[in-house]
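All values reported here derive from a predicted model rather than from experimental measurement. Every heavy atom of this structure was used, including side-chain atoms; hydrogens, water molecules and symmetry mates were not. Each residue takes its place number in the sequence, starting with 1.
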Amino acid sequence: MTTPPRLIPVLSAANFVIGMGAFVLIGMLTPVGQDFGIAPGRTGWLMTTYALAYAVLSPLLVSLTGTVGRRRVLAYALTGFAVANLLSAIAPTEFTLHLTRILAAAGAGMLTPVSASVAAGLSAPERRGKALAAVIFGLSLAQVLGVPAGSFIAYTFGWRAAFVVVALLALPIIPLIWRTVPSGLAFQTVTLPELGRTLRDGPTMLAVSFTATFLAAAYVLYTYLAPLLEQTMGYGRDGITAILLVFGAAAVIGNLAGGAIADRIGPFRTLLILCAGQVATLPLFSLMPLPSPALVALIALWSLFIWSMMAGQQMRIIALRPAAAPIVLALNAAAIYIGAAAGSAIGSVVMGIGGVQALGLGGMAVALLATGHILWSERLSGKRS
C-alpha cells in the first residue's frame with residue numbers, strides 16, 4: 001500500500017500536540033510551583049511521574065491493542081490525551097495533577113510509537129530515516145512553538161490555560177486521523193508474548209535503553225532550564241520564552257538533519273558523534289552567566305546534538321528486530337521518558353548538592369555514560385550478527 005499523501009503531515013501534527021502536552025511543564029515549573037506552594041525541584045517530579053507512567057504503559061498498551069486497527073488506536077489515543085489535559089487544567093491539588101499526567105502518558109504512549117511504526121512500514125528501507133524524521137518532526141516542532149508558547153501562556157494567563165490550549169489543539173486532529181489513516185491498513189500484529197520475547201532479547205534491550213541514557217544527560221539540565229535562566233541570567237517570561245524558541249528551532253533542524261545523516265553514514269556513527277557533542281557542550285552551562293549571544297549559540301548547538309538522535313536510533317533498533325517493529329518502537333518511546341524521568345531526578349539531586357550551576361557538569365557525567373553505552377551496545381549487536 002502506498003503512503004496516502006496527507007498521512008505523514010497528519011501524524012506529525014498529532015505528535016506536535018503530544019510533544020507540547022508532554023513538555024509544556026518545562027517552561028512553567030515556576031508558575032505551577034507558586035500555585036501549589038512547592039519548590040521547582042519538587043515541581044519537576046511532575047515530569048518524572050509522566051515519564052515513568054509513559055515508560056510502563058506504552059509497551060503494555062501497544063501490545064494489548066496490537067490487533068486493533070491503526071486508525072482506531074491513533075484516534076482513541078489522541079482523544080484520551082486531550083481529555084487528560086483538560087483534567088490537568090482543573091486539577092485542584094498537586095496529587096491530582098500527578099494522576100492526570102499519568103492519564104496523558106497513556107494516550108501519548110500509544111500514539112507516538114504506533115504513528116512511527118505506520119510510517120516505517122510504508123517506507124522503503126533507504127528512505128526510512130527520512131520518513132521517521134518527518135513523523136517525529138511534530139515532536140521537534142513542539143519544542144519550537146509548543147513549549148515556548150505554553151510558557152508564555154502560563155506566565156501570562158496562568159498555567160491551567162496552557163493545558164486547555166493543548167486539549168483544543170488536539171480536537172481538530174482527531175477527525176483528520178480518522179479520515180486520513182486507511183481503515184484497511186496492513187500492519188504487524190503484536191502481542192504480550194512478543195513483548196516478553198523482546199524484553200528477554202539482551203542486545204535489543206541494551207540498544208533500546210541507549211535512548212534513556214542519552215536523553216537523561218539532556219534532561220539533567222533541560223528540566224530545570226527555566227530556573228537556571230532565572231537565577232544566573234536574571235531572565236523572566238520573555239527571556240525564557242526566547243531561549244526556548246531558540247532551543248526548539250534548533251531541535252527541528254536537528255531532527256531533519258539527523259534522519260538524513262543516519263541514512264548517509266549509518267545510525268551508529270551518527271549516535272556516537274552526537275554523544276561526543278553532548279559531552280562537549282553540557283559543561284559549558286556550568287559557566288553561566290554567559291553573554292547573551294554566547295548563550296543563544298550554546299543552546300542552539302546543544303539542541304542540535306540532542307534532537308538529531310531520534311531517527312538514527314529508531315532505524316538502529318528496527319534493524320535489530322524488524323519483525324517486532326511496533327514493540328521496539330514502543331519500548332524506545334518508553335525509554336525516552338525513562339531518560340526524562342532519570343535526568344529530572346538526577347538534576348533535582350544535583351541542584352540540591354551544588355545549585356543550578358552544577359547542572360551542566362552533572363549532565364556531562366551522564367553523557368559520558370551514554371557514550372560508553374552506545375559502544376558497548378554496538379559491540380554486543382555486532383557479536384550477535
Side-chain angles (χ1 to χ4, degrees), residues 13-47 49-50 81-94 96-98 100-101 103-104 108 138-173 219 221-252 288-289 292 295-296 299-300 303 340 344 347 356:
N15 277 294
F16 171 84
V17 175
I18 295 296
M20 182 175 179
F23 300 119
V24 69
L25 274 166
I26 294 292
M28 59 187 201
L29 289 183
T30 298
V32 173
Q34 289 174 346
D35 192 14
F36 289 126
I38 56 180
R42 178 169 162 182
T43 312
W45 283 96
L46 286 163
M47 280 293 299
T49 293
Y50 181 96
F81 188 76
V83 171
N85 276 277
L86 285 176
L87 293 174
S88 293
I90 61 173
T93 65
E94 178 191 359
T96 309
L97 186 56
H98 277 279
T100 64
R101 301 316 292 155
L103 292 176
L139 290 175
S140 300
L141 189 62
Q143 305 291 334
V144 178
L145 300 177
V147 175
S151 176
F152 184 87
I153 292 167
Y155 276 88
T156 305
F157 303 105
W159 62 268
R160 297 177 188 275
F163 283 121
V164 172
V165 169
V166 172
L168 292 176
L169 287 174
L171 293 181
I173 301 173
Y219 276 86
L221 178 67
Y222 184 47
T223 302
Y224 305 100
L225 185 58
L228 176 66
L229 294 171
E230 288 174 344
Q231 294 181 35
T232 62
M233 301 294 292
Y235 286 175
R237 180 196 67 184
D238 294 345
I240 292 171
T241 301
I243 290 297
L244 288 172
L245 280 169
V246 172
F247 184 93
V252 168
M288 291 174 67
S292 291
L295 176 61
V296 167
I299 285 286
S303 180
S344 298
V356 293

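Between Tyr222 and Phe23, the ring planes lie tilted relative to each other; the angle falls in the 30° to 60° range.
Contact annotation: the side chain of Val32 never approaches that of Glu94 to less than 4.5 Å [non-hydrogen atoms, C-beta and beyond]. By the 4.5 Å heavy-atom criterion applied to side chains, Leu244 and Leu225 are counted as neighbours. No side-chain heavy atom of Val164 sits less than 4.5 Å from a side-chain heavy atom of Phe157. The closest side-chain heavy-atom distance from Asp238 to Phe152 is below 4.5 Å.
The two residues Arg101 and Gly21 come nearest to each other via the heavy atoms NH2-O, 2.6 Å. Closest heavy-atom contact between Ile153 and Ala162: CG2-N, 3.7 Å. Nearest heavy-atom pair, Met47 versus Ser344, reported as atom, atom and distance to 0.1 Å: CB-OG, 4.1 Å. Nearest heavy-atom pair across Ala300 and Val246 is CB-CG1, 4.0 Å.
Every residue two or more places apart in sequence or in another chain was checked for a salt bridge (charged side-chain N to carboxylate O under 4.0 Å, His left out) with Glu230, and none qualifies. By the salt bridge (charged side-chain N to carboxylate O under 4.0 Å, His left out) test, Asp35 is found to be paired with Arg160, residues two or more places apart in sequence or in another chain being considered.
Atom-to-atom distance recorded for Tyr235:OH and Thr241:OG1 is 12.0 Å, nearest 0.5 angstrom. Atom CG in Leu228 sits 8.5 Å away from atom CG in Leu295 (nearest 0.5 Å).
Residue Thr43 is tested with Thr30, Ile38, Thr223 for a side-chain contact (heavy atoms from CB on, under 4.5 Å); the sole match is Ile38.
The side-chain hydrogen bond (donor to acceptor under 3.5 Å, both in side chains) contacts involving residues 14-25 comprise Asn15-Thr112, Asn15-Ser115, where partners must be two or more places apart or lie in separate chains.
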